[in-house]
Amino acid sequence: MSDTNHPLLANLNDAQREAVLHTGSPLLILAGAGSGKTRVITTRIAWALETLGTRPQSVAAVTFTNKAAREMEERITSMTDKALGVTVRTFHSFCALLLRMYGSACGINTSFLIYDETDAMTLLKNLLKQQYAKNEIKQLFEDIMRAKDLCIAPDGDVERINRNPAFAEIYRQYEERLAATGNLDFGDLIMKTVFLLREHSDVRAAVQMRFSTILVDEYQDSNAAQFILLKELYGPGTSLSVVGDDDQSIYSFRGAEISNILTFHESFPNTRVIRLEQNYRSTGRILAAASAVVSHNQGRLGKTLLSTRGEGNKISLRFVKDNETEALQCAKLYDENPDMETAIIYRVNSQSRSFEEVFTRFSIPFLLVGALRFYERAEVKDAIALLSLFVNPKDEIAFRRIINTPVRGIGEKTLASILEYLPEAKGDVLESLRLSLDSLSKRARSGAQVFLALYQDLAGQMDLTTTSMFIHEAMFKSGLYDFYRGQDKAEGTAKYQNLEELVSAAQAFPGGKDALATFLEGTTLRAPEYEEPAGKRVMLITAHNTKGLEFDRVIITGCEDGVFPMIRTNMWEEPDREAMEEERRLFYVAMTRAREQLILFSARRRLLFGRWSDSSPSRFLAEIPQETLDIKDNTSKPESMDTRFQRGDRVFHDDFGYGFVVESSIKEGNEAVKVRLDSGRTAVFIPEYTSLMKVEGE
DNA sequence: CGTTATGGGTTTTTT
DNA sequence: ACCCATAACG
Ligand SMILES: Nc1ncnc2c1ncn2[C@@H]1O[C@H](COP(=O)(O)OP(=O)(O)OP(=O)(O)O)[C@@H](O)[C@H]1O
């Protein structure tokens, strides 16, 4: 065969090529960071399509995050023009697809909507708030989610999760209420698919026939339910490949089990295991440092990972006074080298704040990934709730949310009385509202009538216009537009704009109920796509979200004990080695995102809950070999120079107007302040002799 | 029922 | 510091 000359195989090493070419039994690629796992899996797909005659419709590539799915699809498309029709989705989205295709076999309404975590929690709260305290409900909710991660139904082995006999009953009631709405929660997507395949051999056969080539990326983050799902999907003719790295397992909090990858070869007989041992991403120093850190974990498989690149620069470790200085120094790093592709990585979303503030102040372009997600904003959820009722009129959670927003005189009491008609209305909330009309107070009744008329009106339009127009009309006629415009005016928010964005997000949809349903699925299962950095934008991103990505320059911020590693506040609990090892893996993931340059920041104190709290350096820093480090400590001197102006200060000068301080230092006994004026010019002032004033930032 | 005051909790991480 | 849930009042 002239295989090795094929252009698809040209950019692969021997082990990678072997992995791409392997056929005839399950394949496990087990390899460290940056070893080309994703490259292999995408090439494998392209290879199958190009040379094995595999039909694109039969290929399912499954990932854990939306970003990974999007990226993989792009990579495949760039390799072959036969990629059209390949299914590249997250586990959850793939299961939603299967349930819509085949779910009617097990009594699932195939136009179900998907409840996100908040909606599902609301459902449970409504069920339990009389009898249980808030934190108890939270715990019970977590247990239910946990049960679904393990694929345990209420009549299953629930004692494994919660011994309390009441738990099984609560779980059962939750399922009943959820079933009454006809919607599914995240865990259901996997669990219900497993049950569907397990109990309906005809469906299983059809699905195995349809998806005969299955590939899973980041397999170390699969949970029990997903493992069982794979077993159900795996048939006699299935080509199954999984890739992963046990050192990068970072999702145990949502049920991920490293054992899935460690025992894959036992669960799937004749598995071919291939290891990749060359790292193509990072410089030698970065790789050495990251490997040294993760080697402190016990119970690893252990892997060889050799650098293919030069030593590179040392890793820069910088101690700073506080989190604002941290952000200012990041701004300075940007200024020094604005063209370098850069990610600022942190442990928790709330850390993004100081960066957003400082970067906005300095007009540094940035891209905030993930944070408070668009579709989770209150105003957007309100809009989605209203729209949901047109797809599923049994959606009680949506009804509760939107019936009195904007206010229609229907408060908690009235709402409860309306919902008493639900059984009679066969679960249809609008029918229930109609039935209750006579029993309502005057004010509530008129509100209810307005809402019913609105619903009728819009329902009549749904099939006559595009999805985007329909949403626009719904926002307008429901009064949501006016409501949020008013709020924006009063509070200086930008919620109306978000509603407009929702309208334009639906641009591509043709209109009608099915399109609306698809659009709504996207709002819970897919993050809105952001345009790929057209210009150079600094990416602000959590460590979890960086998995699979790479950047020339990586800045890991908040390298302090308690922040990274995040440490549970329960001091009485004994230190959890497992949890600490997962933090270390997460740190490893963050470090190994860097190609050229890795910078670590550790602040002495940090504003937390509006309080300054002192912190000590991350324990992981001590695990990095000294010879790979270049340490700068800027925490001791700054008080002594005592400049009145500091970088970032907003200033005003009588003759030159407003500007921002770029730098301020003591020169020959006087303070010299370098200012970038709003006019674009830069000037140096000596406040001793001129009228330079600090003003509050806008 | 709706608006406003107050106090407690909040920050893991994502589908 | 901020967001939300509950209490008190109109
Ligand atoms: N054989 C090769 N020759 C040159 N570069 C390669 C080779 N294989 C992979 N690379 C490059 O190495 C980098 C890492 O590859 P890839 O993202 O596939 O690794 P990975 O194993 O999935 O990493 P991680 O698990 O850390 O996300 C990419 O930039 C990729 O293009």
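Just so it is clear, the model here is predicted, and its values are computed rather than measured. Naming: A, B, ... by sequence-line order, numbering from 1 per chain. Values reported hereafter were calculated over all heavy atoms of this structure, with side chains retained and with hydrogens, waters and symmetry mates removed.
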Atom-pair distance (CG on A:L97; C1' on B:dT15), nearest Å: 16 Å
Selected nucleotide, minimal atom distance to A:S350 side chain, candidates B:dT11, B:dT14, B:dT3: B:dT11
Length of the CD-P vector between A:E560 and B:dT12, whole Å: 16 Å
Nearest-neighbour nucleotide for the A:T90 side chain, C:dA5, B:dT11, B:dT15 considered: B:dT15
Phosphate OP1/OP2 of B:dC1: any A:T414 side-chain N/O under 4.0 Å: yes
Sugar-phosphate only, base, or nothing, as touched by A:I190 at under 4.0 Å among non-hydrogen atoms: nothing
Ion pair A:E326/A:R606, N-O distance below 4.0 Å: yes
Donor-acceptor pair between A:D143 and A:Q139 side chains, under 3.5 angstrom: yes
Per-pair stack call A:Y251 and B:dT14, 5.5 Å, 30°: no
Modelled atom types, side-chain donor and acceptor of A:D482 and A:Y496, under 3.5 Å: no
Length of the CD-P vector between A:E357 and C:dC2, whole Å: 9 Å
Integer-rounded Å distance: B:dT11 P and A:L608 CG: 12 Å
A:H544 NE2 to B:dT11 C1', straight-line distance once rounded to whole Å: 13 Å
Below 4.0 Å: OP1/OP2 of B:dT13 and any side-chain N or O of A:N545: no
Nearest to side-chain heavy atoms of A:K413, which nucleotide of B:dT13, B:dC1, B:dT10: B:dC1
Under-4.0 Å side-chain N/O to phosphate OP1/OP2 contact, A:N404 with B:dG2: yes
Distance flag, aromatic centroids of A:F64 and A:Y251, threshold under 6.0 Å: no
Between C1' of C:dT6 and NZ of A:K125, the distance in whole Å: 13 Å
A:N66 side-chain N/O to B:dT15 phosphate OP1/OP2 under 4.0 Å: yes
Enclosure of A:E357 CD (heavy-atom neighbours >12, cutoff 6.0 Å): yes
Distance below 4.0 Å between A:R353 side-chain N/O and C:dC2 OP1 or OP2: yes
DNA chain B: 5'-proximal contact among A:R408 and A:N349 (nearest heavy atom): A:R408
Distance test, side-chain N/O of A:N135 to OP1/OP2 of B:dG9, below 4.0 Å: no
A:T65 side-chain N/O to B:dT15 phosphate OP1/OP2 under 4.0 Å: no
Separation of atom CD in A:E117 from atom P in B:dT13, rounded to whole Å: 12 Å
Whole-angstrom distance between B:dT13 and C:dC4, as gauged at atom P: 15 Å
Ionic contact status for A:E71 with A:R75, cut-off 4.0 Å: yes
Listed nucleotide nearest any side-chain atom of A:F609, set B:dT12, C:dA5, C:dA1: C:dA1
For atom CG of A:L113 and atom C1' of B:dT15, their distance in whole Å: 17 Å
